[in-house]
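Notes follow the structure.
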Amino acid sequence: MKRTGGQLIVEALKANGVRRISCVPGESFLAVLDALHDSDIAVLVCRQEGGAAMMADAWGRLTGEPGICMVTRGPGATNASAGLHIARQDSIPMILFIGQVQRDAREREAFQEVEFRRAFTEFSKWVGEIDDAARIPEFVTRAFAIATSGRPGPVVLTLPEDMLRDEVEAPLAKRYMPVAAHPGRSQLDDLYLRLIAAERPMVILGGTRWNDDAVANIRHVAERFKLPVGCSFRRQMLFDHLHPSYAGDVGIGINPALAKEVKEADLLILLGGRLSEMPSSGYTLVDIPYPQQQLVHIHPDPSELGRVYRPDLAICASPADFVAALADLEAPAEPRWAERTARMHAAYLAWSTTPEKSPGAVHMGRIMDWIEANTADDTIFTNGAGNYATWLHRFHRFRRFNTQAAPASGSMGYGLPAAVAAKQLFPEREVICFAGDGCFMMHGQEFATAVQYGLPLIALVINNGMYGTIRMHQEREYPGRVSATSLDNPDFAALARAYGGHGETVKATEEFGPAFERARASGKPSIIEIVLDPEAITPSRTLTEISQTKSR
């Protein structure tokens, strides 16, 4: 039976387990939209392609299966590149389908034409264009395989408009086969001998390709060996923060006590992550390219092993497969590092206790205390980038897997689209978005998407009237010379109501709890604007103090 290219795309998505896609519609892929009309695949219509791509990233981040996004050529695709970049740097499986100019118009700079194999290679693991509709099952299955294998990441498939209208005979699509990589026995024996001989070992968890079982298994390993465990930047959901082995997050603004322990470790076990610029504190925690510590690096992609740091032992395996293989390792009766592990956990608890003082009428530390006392362990927290995120990353104690969606790439605007995706994926769980005023405005229009689909997320917009992180750096490097960082903002609570949601404004700490409860009870997507004194730029230092540091 002949089917159109559009129908074959939808069939291939269904064969690979796709249940939802995000999109901004375009005339270049009308044939796909028509085929989706007869499908049970849910379509989330978004307001800007960058937000749509970030939603697909969040689906991939929270499920381990590729998130799917569809956009049109030219400006639609270039808008979506922001989400592609996040997925690439964060190792998130995602597939971006782009409607393309018709085949006989290529290479003429036709309307909205972009040659995506040249333009998007840097953002993607693979960029392919489907010229023949009969090859759609082949290309789509390959896209899923590439997006999920080794180090996961985004794949781009471009779809010429006329190809999607072609009616052809094609094989039925089959689901892709995930690729597993298991550690060898000799490698496990080598690791075991290094661990037993160590005085000051430490494990740092990161990356993707984790699941609930893997997170539970690494917790059991840490318990048996009494190992100190840290989590890489914005991967905090990989370990229970109240577990006696948890040492803290290895990221921006690292606890100085933890940084000292990492530098003094004699064995670092880097599991799943890459220890890139942010978690390595600008490549200062570990000497590059030859660490002073013994380094055991476990990663599912062989091209990442030895790429930046030269490991003493490199193991090509996914975190889930590696941790499962540790089950039969025998722990020493009294590990010599047990006291050090307890000391590191105590240092984390002290570091994550909110400060006593803060400038202004709103004290974010007290707000974080309220959130900790009044939200469930399975609450999903999302955020973009900015100093405001420090309050979440440092003072929220993550307890469970799949409760965090935040860009390790440091991209602003991510929090709200990710919250929309998370709430659609897990409607029974509370979803809280942290955003700064500058961050929220980058993709704040996706609040309309949350309203349209009845997704009652709660967005906390922490408004200090500026691009806070840049202002902080500006005051440190050029004190008193404010330039291009001040913002005049809308009334965010009124904006929420204009969209059809619920809005609140908090100007004093004690107003937050009642405002949150009203937002929660409204059953609507909500924005709670928290008006923060600009001086409260970090939990420990004011803007004035940072400015005076340079002048001294």
Considering only distance and modelled atom types, tabulate donor-acceptor pairs under 3.5 Å from the side chains of residues 199-210, sequence neighbours left out.
unit_1, atom_1, unit_2, atom_2, d
Arg200, NE, Glu264, O, 2.6
Arg200, NH2, Glu264, O, 3.4
Thr208, OG1, Ser91, O, 2.8
Arg209, NH1, Gly150, O, 3.1
Arg209, NH2, Val179, O, 2.7
Trp210, NE1, Gly206, O, 2.8

When the side chains of residues 406-414 are checked against the rest of the protein, which donor-acceptor pairs come out under 3.5 Å, sequence neighbours left out?
unit_1, atom_1, unit_2, atom_2, d
Tyr414, OH, Asp57, OD1, 2.5
Tyr414, OH, Arg61, NE, 3.0

TODO: Compare all side-chain heavy atoms of Leu532 with those of Met364 and state whether any distance is below 4.5 angstrom.
DONE: yes
If you compare all heavy atoms of [X] against all heavy atoms of [Y], which two are closest, and at what distance to 0.1 Å?
{"X": "Ser318", "Y": "Pro300", "result": "CA-CB, 3.8 Å"}
{"X": "Ser486", "Y": "Val482", "result": "OG-CG1, 4.0 Å"}
{"X": "Leu238", "Y": "Val215", "result": "O-CG1, 3.5 Å"}

Side-chain donor-acceptor pairs under 3.5 Å in residues 444-453, sequence neighbours left out?
unit_1, atom_1, unit_2, atom_2, d
Glu446, OE1, Arg47, N, 3.2
Glu446, OE1, Thr449, OG1, 2.6
Glu446, OE2, Arg47, N, 3.2
Glu446, OE2, Gln48, N, 3.0
Gln452, OE1, Arg47, NH2, 3.2
Tyr453, OH, Val43, O, 3.3
Tyr453, OH, Val45, N, 2.9

TODO: Can you tell me which residue pairs pass the side chain to side chain donor-acceptor pair (under 3.5 Å) test with a partner in residues 355-373, sequence neighbours excluded?
DONE: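 Checked against side chain to side chain donor-acceptor pair (under 3.5 Å) - neighbours excluded - the pairs reaching residues 355-373 are Thr354-Arg366, Thr354-Asp369, His363-Arg366, Arg366-Asp369, Glu372-His396.
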Open item on the list: For Arg518, give me all partners under side-chain hydrogen bond (donor to acceptor under 3.5 Å, both in side chains), at least two apart in sequence or on another chain.
Closed with: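 Per chain and number, Arg518 pairs via side-chain hydrogen bond (donor to acceptor under 3.5 Å, both in side chains) with Glu504.
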TODO: Return yes if some donor-acceptor pair links the side-chain N/O of Arg394 with the main-chain N/O of Asp249 below 3.5 Å, else return no.
DONE: no
Task: Carboxylate-amine/guanidinium proximity below 4.0 Å for Arg471 and Glu475 - done: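 Here Arg471 pairs with Glu475 in a salt bridge, since their nearest N and O are under 4.0 Å apart.
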- [ ] State whether Glu261 and Arg340 are salt-bridged, where the test is any N-O pair (Lys NZ or Arg NE/NH1/NH2 against Asp/Glu carboxylate O) under 4.0 Å.
- [x] yes
Task: Non-neighbouring partners of Ser540 that pass side-chain contact (heavy atoms from CB on, under 4.5 Å), sequence neighbours left out - done: Thr538
Open item on the list: Given the ring of Phe426, does Arg429 sit roughly above its face, with NZ or CZ under 6.0 Å from the centre of the six-membered ring and within 45° of the axis?
Closed with: yes
- [ ] Run the numbers on Asp240 and Arg399 for salt bridge (charged side-chain N to carboxylate O under 4.0 Å, His left out), then give the verdict.
- [x] CA-CA 4 Å; Asp240 180 355; Arg399 306 297 309 280; 2.5 Å; yes
